[in-house]
K.L.:
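Encoded as structure tokens, here's the structure I'll be asking about.
Worth knowing before you read on, the calculation uses all heavy atoms, side chains too, and leaves out hydrogens, waters and symmetry mates. Naming: A, B, ... by sequence-line order, numbering from 1 per chain.
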There are 2 protein chains.
Amino acid sequence: MLNLDYKAAMNHSQTNFSQRRRWATDQAISFLMQQGVEHPHVLSLGAGLVDAASLPVAEAIQAAQEVLADELRGQSALQYGTTQGELRLRQHLADYQNRLEQTSTPAARRVAVADEIVCTTGSQQLLALLADALFDPGDICLVAAPTYFVFLGVLEGVGARAIALPADEHGLRMDALQAELQRLEATGELSRVKLIYVVSEFENPTGISLSLERREQVVEIAKAWSKRRGERIYVLEDAAYRELHYGAPADAVPRPLGSGPVSHAVRPLPDGRGTDFPLPSVWSFDIVGDTVIHAGTFSKSFSPGLRVGFGLMPRELRDAVNDLKGNQDFGSANFNQHLLAELLGSGRFAIHAEQVRAAYRIKRDTMLAAADEFFADLPGVSWVHPHGGLYVWMTLPPHIATGFDSPLFRRAVDVEQVMYVPGELCFGGPRDERQCNHMRLSFGVQSPDGLREGMRRLSQAVRAVL
Amino acid sequence: MLNLDYKAAMNHSQTNFSQRRRWATDQAISFLMQQGVEHPHVLSLGAGLVDAASLPVAEAIQAAQEVLADELRGQSALQYGTTQGELRLRQHLADYQNRLEQTSTPAARRVAVADEIVCTTGSQQLLALLADALFDPGDICLVAAPTYFVFLGVLEGVGARAIALPADEHGLRMDALQAELQRLEATGELSRVKLIYVVSEFENPTGISLSLERREQVVEIAKAWSKRRGERIYVLEDAAYRELHYGAPADAVPRPLGSGPVSHAVRPLPDGRGTDFPLPSVWSFDIVGDTVIHAGTFSKSFSPGLRVGFGLMPRELRDAVNDLKGNQDFGSANFNQHLLAELLGSGRFAIHAEQVRAAYRIKRDTMLAAADEFFADLPGVSWVHPHGGLYVWMTLPPHIATGFDSPLFRRAVDVEQVMYVPGELCFGGPRDERQCNHMRLSFGVQSPDGLREGMRRLSQAVRAVL
């Protein structure tokens with residue numbers, strides 16, 4: 001699919017690289033970044049960066065001043081931390097998790113504690129460490145189709161197999177999950193299944209969230225099959241976009257996927273308090289605490305440059321992640337963990353997150369309005385109306401390919417000077433079975449004017465190839 | 001050797017962990033940290049932490065203010081960076097490397113450029129990424145005996161074999177390296193050798209540096225054998241302690257290792273400018289730039305809490321490390337890289353490093369004076385007089401074991417309330433072939449008074465078991 005220089009170079013290499021290194025080539029993200037560098041004037045709807053104007057410069061300097069004002073506290077922040085992460089931050093994270101769960105479910109089903117939390121270099125490192133802890137080559141991870149493409153790279157990097165299962169407007173389909181586990185049992189491969197991966201909120205790339213019912217069901221299914229095979233099947237809940245909820249777009253009319261502009265419906269909560277996020281996490285349905293890993297991050301809601309992510313997880317996995325992280329780096333940046341502890345403790349993180357939501361709500365609405373303006377008359381083109389996150393997922397007629405070597409991608413980049421992420425990158429499983437007619441459009445980076453102009457250019461490219 | 005709770009727990013685990021996770025258990029560092037937590041009143045000569053009073057609180061706040069004062073620059077520091085690391089920092093690092101090499105060799109043999117540098121989460125992450133890039137299970141890394149024990153854990157974690165070779169007061173012995181490569185060729189295992197690991201300055205644990213001659217020789221040997229087998233054998237130069245040079249102790253009398261108090265002799269440079277560090281790096285002898293990786297860090301010389309390390313490396317390896325790091329975390333904390341760029345650019349890092357050297361010089365001298373005071377009369381006890389680094393390596397009579405389950409360790413921790421790192425942790429290869437009668441004593445954490453008291457207590461424990 002990709003055609004990077006180093007592929008050719010590796011064929012003439014004098015180095016006998018490891019199998020791991022060979023698995024880690026061909027990363028789509030590298031190609032995307034290379035495209036950005038080679039075409040600096042291209043307007044990017046591809047990059048998953050966050051809005052620059054929303055970045056908390058004032059908050060960061062204030063937190064740094066507070067952490068460093070006291071000599072002893074400053075020294076503690078600049079010293080080595082622990083592999084698991086700064087205790088004060090982990091306590092604040094436990095409180096934060098408990099508050100979010102209580103917002104959605106007044107009678108919380110379980111209580112988070114600092115001891116089950118590990119702090120990582122973004123949540124990406126947690127995903128990578130979990131993959132390292134669980135997967136031997138050939139082991140299986142069940143994912144939605146489509147799903148977060150960088151995690152597919154992580155799975156490929158450890159030689160794991162991603163099996164992609166159908167999703168609809170309520171997220172990963174539970175009937176498909178059940179059927180696949182039955183199929184794997186029949187083929188004798190059930191013992192290779194280690195993990196079910198779900199992005200619970202505003203999935204990258206589709207913007208769709210896992211419904212409340214399915215949050216409970218996925219935990220039940222994992223536990224039932226764990227019991228049946230006598231070994232644990234974990235559920236990894238990636239909640240990277242949990243804070244980025246904007247409510248339904250004002251003009252959204254729910255329609256089925258693939259038949260014109262669509263909205264994914266968020267069902268009312270059982271107590272009738274409406275559709276607002278946060279929903280109770282998948283983690284909250286794992287009462288015993290032996291099945292679900294909840295991965296969170298401050299990269300989207302605060303600052304990716306601080307690179308602070310975290311996970312709540314069963315004790316056995318926490319030990320495994322700690323041991324592996326001990327070899328990897330024996331702890332992420334302690335200073336940054338002190339900054340985040342300060343920001344959570346002072347309440348300034350919560351204030352900033354509200355500002356971020358307000359800014360992205362406008363940009364989400366701008367992109368959807370531009371989609372209506374420039375794409376509504378195109379036959380067979382539809383898109384999701386996300387209630388949060390950073391992406392609009394657009395579907396073209398089945399015969400219009402969107403990949404890196406498609407006429408559309410070349411036309412978009414070379415002629416119209418606009419870039420997107422080809423949807424096929426987000427599908428696990430065999431390449432010839434992947435859907436090739438989607439685009440992931442990000443409203444993270446561009447200003448509202450840039451978003452409208454980007455959508456205009458993209459519609460020109462689509463018109464040219466239709 | 002260790003007996004941690006989770007070992008028992010894993011036997012009853014319902015989780016089918018990966019081979020990688022199983023290789024990552026039994027980490028000595030975890031046991032040491034656990035001992036510290038369980039015995040909070042123990043005076044630690046074990047911890048590899050840096051001196052708290054030397055930590056740059058004022059410098060950090062100033063750098064944070066400068067990076068964040070300008071809104072655009074602040075936003076750039078708080079946004080995602082690149083996987084390879086902030087360009088401005090990499091340019092400063094290249095300049096820094098070139099200055100250090102010019103100090104030692106006026107006519108520099110090669111010039112560092114930003115493009116060959118990758119920034120990591122401490123240099124530990126670089127070591128781990130290189131291990132991932134090179135080693136398949138069963139592959140071989142040649143190391144000194146003793147060497148940095150955390151790197152031995154990294155090798156174990158990827159299933160690689162560490163072959164430990166003799167070292168003397170000039171570091172890893174080149175005749176032993178040659179002989180081992182010949183032996184491996186004879187047994188048909190030469191193709192499994194991927195890396196030669198050397199700590200070029202003040203090796204953790206011995207404090208011994210690789211001599212100038214051997215710096216050149218190790219590169220020549222690696223290149224010659226690479227050519228002979230048609231595949232690259234790399235040299236990893238771990239220069240974590242490069243900045244921490246204090247000169248020879250005032251009263252040091254060079255004597256051979258193992259025969260009473262010893263000093264490792266630093267030979268005069270060829271131009272007669274004396275024995276001062278920095279010596280030219282191993283990296284500087286790799287003129288073509290296809291063989292040596294130079295790993296550096298700001299954890300010892302500035303602040304471990306910022307967790308900024310870096311490596312200069314051949315292009316093929318840089319690509320491999322970038323690809324693997326893309327899956328691991330797609331970039332270490334960008335904000336911290338901006339801070340270090342500011343500190344290097346303003347010259348404040350160099351000023352701080354000089355202060356750090358002055359502080360550690362006093363503590364090094366204090367520990368050596370205490371060793372003379374409390375250990376000189378003990379028969380068969382000797383120690384290295386290091387010219388830099390953070391450690392004094394002490395050797396007891398061969399029949400006195402120092403390990404976690406030895407009478408000495410229990411006596412030291414339980415009765416005398418002092419802790420050290422058992423030397424046997426620092427030996428690769430089969431456990432029954434490891435030397436068991438050494439101790440690594442750190443002068444990093446304790447104050448001069450604490451160092452003297454710790455040495456007094458330790459001598460009491462040694463007397464009790466002699």
K.L.:
Which one, B:Asn327, B:Leu49, B:Leu55, leads in non-hydrogen pairs under 4.5 Å with chain A?
P.N.:
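Among the listed options, the one with the most contacts to chain A is B:Asn327.
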K.L.:
How far apart are the closest heavy atoms of B:Lys300 and A:Tyr80, and which atoms are they?
P.N.:
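So the minimum-distance heavy-atom pair works out to NZ-OH, 3.0 Å.
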K.L.:
Given a strict heavy-atom distance threshold of 4.5 Å, which part of A:Ala77 is in contact with chain B: side chain, backbone, both, or neither?
P.N.:
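The answer is the backbone of A:Ala77.
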K.L.:
Looking only at heavy atoms and a cut-off of under 4.5 Å, which of A:Gly157, A:Ser123, A:Pro137, A:Ala128 has the most pairs with chain B?
P.N.:
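If we count pairs closer than 4.5 Å to chain B, A:Ala128 comes out on top.
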K.L.:
Ignoring hydrogens and geometry, is there a side-chain-to-backbone donor-acceptor pair from B:Thr121 to A:Ser332 under 3.5 Å?
P.N.:
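No, because the side chain of B:Thr121 does not come within donor-acceptor range (under 3.5 Å) of the backbone of A:Ser332.
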K.L.:
Can you tell me which of A:Gly153, A:Ala58, A:Gly81 forms the most heavy-atom pairs within a distance under 4.5 Å of chain B?
P.N.:
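The candidate making the most pairs under 4.5 Å is A:Gly153.
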K.L.:
For A:Phe135, is it the side chain, the backbone, both or neither that has a heavy atom under 4.5 Å from a heavy atom of chain B?
P.N.:
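When you check distances to chain B, only backbone atoms of A:Phe135 fall under 4.5 Å.
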K.L.:
Between A:Thr120 and chain B, which part of the residue has a heavy atom less than 4.5 Å away: side chain, backbone, both or neither?
P.N.:
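Nothing of A:Thr120, per the 4.5 Å heavy-atom cut-off to chain B.
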K.L.:
Who among B:Trp23, B:Phe335, B:Phe302 has the most heavy-atom pairs with chain A under 4.5 Å?
P.N.:
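Top count of heavy-atom pairs under 4.5 Å with chain A: B:Phe335.
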K.L.:
Could you pull out the closest heavy-atom pair between A:Thr25 and B:Asp323, with the gap in Å?
P.N.:
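Closest pair (atom of A:Thr25, atom of B:Asp323, distance): CA-OD2, 3.9 Å.
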K.L.:
Checking A:Leu155 against chain B: side chain, backbone, both or neither under 4.5 Å from a heavy atom?
P.N.:
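A:Leu155 has no heavy atom closer than 4.5 Å to chain B.
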K.L.:
Against chain A, work out which of B:Ser226, B:Gly309, B:Ala131, B:Ala320 has the most heavy-atom pairs shorter than 4.5 Å and name it.
P.N.:
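Option with the greatest count: B:Ala320.
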K.L.:
What residue in B:Gln19, B:Gln79, B:Gln125 has the most heavy-atom pairs under 4.5 Å with chain A?
P.N.:
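With the most close heavy-atom pairs to chain A, the winner is B:Gln79.
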K.L.:
Tell me, side chain or backbone of B:Leu339 under 4.5 Å from chain A's heavy atoms, or both, or neither?
P.N.:
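Side chain only.
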K.L.:
Taking the side chain as everything from C-beta on, heavy atoms only, tell me whether B:Gln75 gets closer than 4.5 Å to A:Val50.
P.N.:
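No, side chains not in contact.
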K.L.:
Would you call A:Asn334 and B:Pro304 a side-chain contact if the rule is heavy atoms closer than 4.5 Å?
P.N.:
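A side-chain contact is absent here, since even the closest heavy-atom pair is not under 4.5 Å.
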K.L.:
For chain A, which candidate among B:Leu68, B:Asp290, B:Val158, B:Thr83 shows the most heavy-atom pairs at distances under 4.5 Å?
P.N.:
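Between B:Leu68, B:Asp290, B:Val158, B:Thr83, the count favours B:Leu68.
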K.L.:
Give a yes or no answer on whether the side chain of A:Gln65 reaches the backbone of B:Ile61 with a donor-acceptor pair at less than 3.5 Å.
P.N.:
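Absent.
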K.L.:
Is A:Phe151 in contact with chain B via its backbone, its side chain, both, or neither, using a 4.5 Å heavy-atom distance?
P.N.:
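Interface part for A:Phe151: neither.
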K.L.:
Can you spot which of A:Glu231, A:Lys227, A:Arg229, A:Arg232 makes a side chain to side chain donor-acceptor pair (under 3.5 Å) with B:Gln14?
P.N.:
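One option only clears the test, and that one is A:Arg232.
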K.L.:
What part of B:Ser76 gets closer than 4.5 Å to chain A, counting heavy atoms only: side chain, backbone, both or neither?
P.N.:
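Neither part.
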K.L.:
I'd like to know which of B:Leu78, B:Val150, B:Leu127 tops the heavy-atom pair count under 4.5 Å against chain A.
P.N.:
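That would be B:Leu78.
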K.L.:
Tell me which of these, A:Ser191, A:Gly122, A:Gly48, A:Ala60, has more heavy-atom pairs under 4.5 Å with chain B than the rest.
P.N.:
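If we count pairs closer than 4.5 Å to chain B, A:Ala60 comes out on top.
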K.L.:
Could you give the distance from CG (A:Leu129) to CD (B:Gln328), rounded to the nearest 0.5 Å?
P.N.:
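If we round to the nearest 0.5 Å, A:Leu129:CG and B:Gln328:CD are 6.0 Å apart.
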K.L.:
With a 4.5 angstrom heavy-atom cut-off, could you sort out which part of A:Pro314 is near chain B: side chain, backbone, both or neither?
P.N.:
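Neither part.
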K.L.:
Output the option from A:Ala69, A:Ser303, A:Ala64 having the highest count of non-hydrogen pairs under 4.5 Å with chain B.
P.N.:
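Most heavy-atom pairs within the cutoff with chain B belong to A:Ser303.
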K.L.:
So if I apply the side chain to side chain contact (heavy atoms under 4.5 Å, CB included) rule between A:Thr15 and each of B:Ile233, B:Leu134, B:Leu317, which one comes out positive?
P.N.:
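Single side chain to side chain contact (heavy atoms under 4.5 Å, CB included) partner of A:Thr15 among B:Ile233, B:Leu134, B:Leu317: B:Leu134.
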K.L.:
State, to 0.1 Å, how close A:Arg22 and B:Asp136 come at their nearest heavy-atom pair, and which atoms those are.
P.N.:
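What the structure gives for the nearest pair is NH2-OD2, 4.3 Å.
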K.L.:
Between the main-chain N or O of A:Asp329 and the side-chain N or O of B:Arg307, is there a donor-acceptor pair closer than 3.5 Å?
P.N.:
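Between the backbone of A:Asp329 and the side chain of B:Arg307 there is a qualifying donor-acceptor contact (under 3.5 Å).
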